[in-house]
Amino acid sequence: ASRQAAGIPGITPTEEKDGNLPDIVNSGSLHEFLVNLHERFGPVVSFWFGRRLVVSLGTVDVLKQHINPNKTSDPFETILKSLLRYQSGGENVSENHMRKMVYENGVTNSLKSNFALLVKLSEELLNKWLSYPETQHVPLSQHMLGFAMKSVTQMVLGSTFEDDQEVIRFQKNHGTVWSEIGKGFLDGSLDKSTTRNQQYEDALMQLESIFKKIIKERKGRNFSQHIFIDFLVQGNLNDQQILEDSIIFSLAGCVITAKLCTWAICFLTTSEEVQKKLYEEINQVLGNGPITPEKIEQLRYCRHVLCETVRAAKLTPVSARLQDIEGKIDQFIIPRETLVLYALGVVLQDADTWPSPHKFDPDRFDDILAMKTFSLLGFSGTQECPELRFAYMVTTVLLSILVRRLHLLSVDDQVIETKYELVTSSREEAWITVSKRY
């Protein structure tokens with residue numbers, strides 16, 4: 001009886017120790033569990049993670065009441081930090097704010113100073129695809145993960161990662177760590193399996209040692225290529241903060257970039273009209289000239305394509321905040337220390353907010369209101385998470401280079417099933433074919 005959810009509609013714990021974890025596992029994912037819960041109980045619902053009360057918010061209206069634009073912590077990072085057992089926001093407010101600024105400037109500056117590298121990596125992929133016969137099936141997810149890994153490792157960690165062997169080693173450890181935290185530890189099975197736990201701890205340790213070595217090398221020296229770690233070092237963060245922030249950025253940046261590229265290309269292969277319109281914009285803005293950051297900024301339709309990709313794929317279906325002080329949403333009181341989930345995957349498919357939510361339609365973002373809502377949810381504008389901002393830029397450069405030279409085509413009879421984790425991916429490999437425009 002003591003486990004009443006403060007009057008918030010929802011379900012009681014299925015098990016004393018695990019709460020509703022068994023229900024989440026049975027639903028297939030936290031996202032699918034939340035879709036079902038919000039359908040049954042409305043926009044504000046409650047359930048139990050172990051012995052902990054969790055409240056989930058599932059419409060734009062209730063999210064508006066909760067989102068605090070002055071918050072310095074990023075909801076997506078909040079989840080990652082707790083999963084990696086890093087200290088989240090242990091510092092005071094002004095230090096937290098400074099750390100966030102350093103992190104965001106690091107992303108902006110490393111994109112600026114490594115723009116030519118992004119173009120080069122995109123062109124390498126283009127040349128590989130141009131060399132294929134037109135009937136060849138291209139394993140899209142695999143190629144996009146490889147491309148994102150190369151981009152992220154070289155921009156965060158520097159030229160050591162021009163060596164493919166280094167990237168492959170990194171990818172192996174990255175894969176082990178992400179396969180656990182990507183689930184959000186949600187099935188609780190990591191704690192139950194000692195061998196998996198050991199593999200996870202080992203992989204994280206190996207990643208950390210690569211980062212520590214590079215942080216040490218970069219301190220107090222000047223390199224011609226400025227990378228993400230340099231900007232953190234200059235920002236007067238301590239070594240532990242630099243380590244945590246660069247690992248979080250590499251883990252999340254890599255996966256979000258790979259999946260945004262994959263889904264964007266998937267949707268383009270199935271929407272001929274959209275691909276044609278994108279090709280026309282790229283041609284008009286870039287002409288035959290070189291690709292520059294200024295020109296990339298002008299690709300407005302491309303930005304809408306990527307926003308719609310994030311929405312239609314429900315790219316990051318759940319984020320979280322810890323309730324610092326007692327709060328109120330609608331008529332419900334949310335007790336202090338409650339974990340509050342933003343059911344973004346539910347909100348992004350809400351027909352009241354997005355007419356014909358299951359249609360891929362970049363033009364919906366011509367509407368300024370749609371853009372405003374998208375910013376509020378953290379997918380655009382000042383609230384967007386730095387990893388997503390990074391992914392938008394990398395994907396825009398890649399698309400402008402690929403679509404200029406290639407038609408991207410779908411493979412007949414392929415059904416792409418979705419796997420919902422912290423970042424949404426396809427369950428199996430997504431295959432495409434390409435044909436030359438000229």
Side-chain angles (χ1 to χ4, degrees), residues 72-89 91 96-115 117-118 121 145 147-161 166-167 170-171 173-175 177-178 181-182 203-204 206-215 217-218 225-261 315-316 319 378-379 383-395 422-423:
T72 50
S73 69
D74 175 298
F76 191 73
E77 272 160 47
T78 305
I79 293 192
L80 279 185
K81 281 194 169 168
S82 69
L83 293 174
L84 288 162
R85 305 190 178 86
Y86 288 159
Q87 285 304 306
S88 181
E91 306 100 5
N96 239 335
H97 183 68
M98 187 204 83
R99 186 171 173 184
K100 185 185 180 202
M101 294 298 294
V102 168
Y103 190 89
E104 292 192 348
N105 291 338
V107 176
T108 308
N109 292 329
S110 38
L111 278 169
K112 257 192 212 141
S113 55
N114 293 282
F115 189 81
L117 169 72
L118 275 186
L121 293 173
L145 187 60
F147 167 73
M149 277 288 161
K150 279 184 178 171
S151 310
V152 170
T153 49
Q154 289 184 45
M155 285 172 81
V156 174
L157 295 158
S159 54
T160 322
F161 285 86
E166 289 289 345
V167 179
F170 183 88
Q171 190 165 343
N173 288 321
H174 182 288
V177 171
W178 188 263
I181 65 171
L204 186 57
Q206 283 186 43
L207 280 184
E208 287 184 348
S209 72
I210 295 171
F211 279 79
K212 281 176 182 160
K213 182 170 156 267
I214 288 175
I215 291 167
E217 279 169 14
R218 306 292 294 196
Q225 179 202 16
H226 292 297
I227 57 173
F228 184 66
I229 282 183
D230 295 336
F231 297 111
L232 298 184
V233 169
Q234 290 158 17
N236 294 325
L237 303 183
N238 65 42
D239 283 8
Q240 185 59 25
Q241 289 172 326
I242 296 172
L243 177 71
E244 289 181 7
D245 285 355
S246 46
I247 283 197
I248 292 244
F249 183 73
S250 305
L251 282 169
C254 226
V255 178
I256 289 178
T257 301
K259 299 312 168 202
L260 182 63
C261 290
L315 190 68
T316 52
S319 67
F379 294 121
Q383 293 293 306
E384 79 192 10
C385 79
E387 294 80 7
L388 185 58
R389 197 170 82 234
F390 177 85
Y392 279 142
M393 178 61 113
V394 176
T395 312
L422 278 186
V423 179

Legend entry - Contacts of type side-chain hydrogen bond (donor to acceptor under 3.5 Å, both in side chains), residue Thr108, not counting sequence neighbours: Arg389

Inset, instruction - Decide, yes or no, whether a salt bridge links Glu166 with Lys150 under the criterion of side-chain N to carboxylate O below 4.0 Å. - result: no

Inset, instruction - Starting at CG of Asp245, measure out to CD of Gln240 and round the result to the nearest 0.5 Å. - result: 10.0 Å

Inset, instruction - Could I get the full list of side-chain contact (heavy atoms from CB on, under 4.5 Å) partners for Gln234, not counting sequence neighbours? - result: Asp230, Phe231

Inset, instruction - Answer yes or no: is there a side-chain heavy-atom contact under 4.5 Å between Leu315 and Leu388? - result: yes

Legend entry - Under 3.5 Å: donor-acceptor pair, side chain of Ser113, backbone of His226: yes

Legend entry - ring pair (Phe, Tyr, Trp, His ring centres under 6.0 Å) partners for Phe161, two or more places apart: Phe170

Inset, instruction - State the OG1-CD distance between Thr153 and Gln171, to the nearest 0.5 angstrom. - result: 9.0 Å

Inset, instruction - List for me each residue that meets side-chain hydrogen bond (donor to acceptor under 3.5 Å, both in side chains) alongside Gln225, sequence neighbours excluded, and say none if there are none. - result: Asn114

Legend entry - Set of residues satisfying side-chain hydrogen bond (donor to acceptor under 3.5 Å, both in side chains) with respect to Glu384, sequence neighbours excluded: Arg303

Inset, instruction - Kindly state whether the ring of Tyr103 and the ring of Phe228 have centres lying under 6.0 angstrom apart. - result: yes

Donor-acceptor pairs under 3.5 angstrom involving side-chain atoms of residues 248-260: please list them, not counting sequence neighbours.
{"unit_1": "Ser250", "atom_1": "OG", "unit_2": "Ser246", "atom_2": "O", "d": "2.7"}
{"unit_1": "Thr257", "atom_1": "OG1", "unit_2": "Gly253", "atom_2": "O", "d": "2.6"}

Inset, instruction - With sequence neighbours excluded, tell me which residues meet side-chain hydrogen bond (donor to acceptor under 3.5 Å, both in side chains) with Gln154. - result: none

Legend entry - pair Val107-Glu387: side-chain heavy atoms closer than 4.5 Å: no

Inset, instruction - Please examine the side chains of Thr316 and Leu422, heavy atoms only from C-beta on, and report whether any two atoms are closer than 4.5 Å. - result: no

Legend entry - Check: Gln241 side chain, Asn238 main-chain N or O, donor-acceptor pair, under 3.5 Å: yes

Legend entry - Closest non-hydrogen atom pair between Cys261 and Thr395, with its separation: SG-OG1, 3.5 Å

Inset, instruction - Check the pair Glu244, Arg99 against salt bridge (Lys or Arg N to Asp or Glu O under 4.0 Å), reporting the backbone distance first and the verdict last. - result: CA-CA 11 Å; Glu244 289 181 7; Arg99 186 171 173 184; 3.3 Å; yes

Legend entry - Gap between atom CG of Leu111 and atom CZ of Phe115 - 0.5 Å precision: 9.0 Å

Output side-chain donor-acceptor pairs under 3.5 Å for residues 207-214, partner residues at least two apart or in another chain, one line each.
{"unit_1": "Glu208", "atom_1": "OE2", "unit_2": "Tyr86", "atom_2": "OH", "d": "2.7"}
{"unit_1": "Ser209", "atom_1": "OG", "unit_2": "Gln206", "atom_2": "O", "d": "2.9"}

Legend entry - Matching residue for Leu232 among Ile242, Asn105, Ile227, Asp239 - test: side-chain contact (heavy atoms from CB on, under 4.5 Å): Ile242

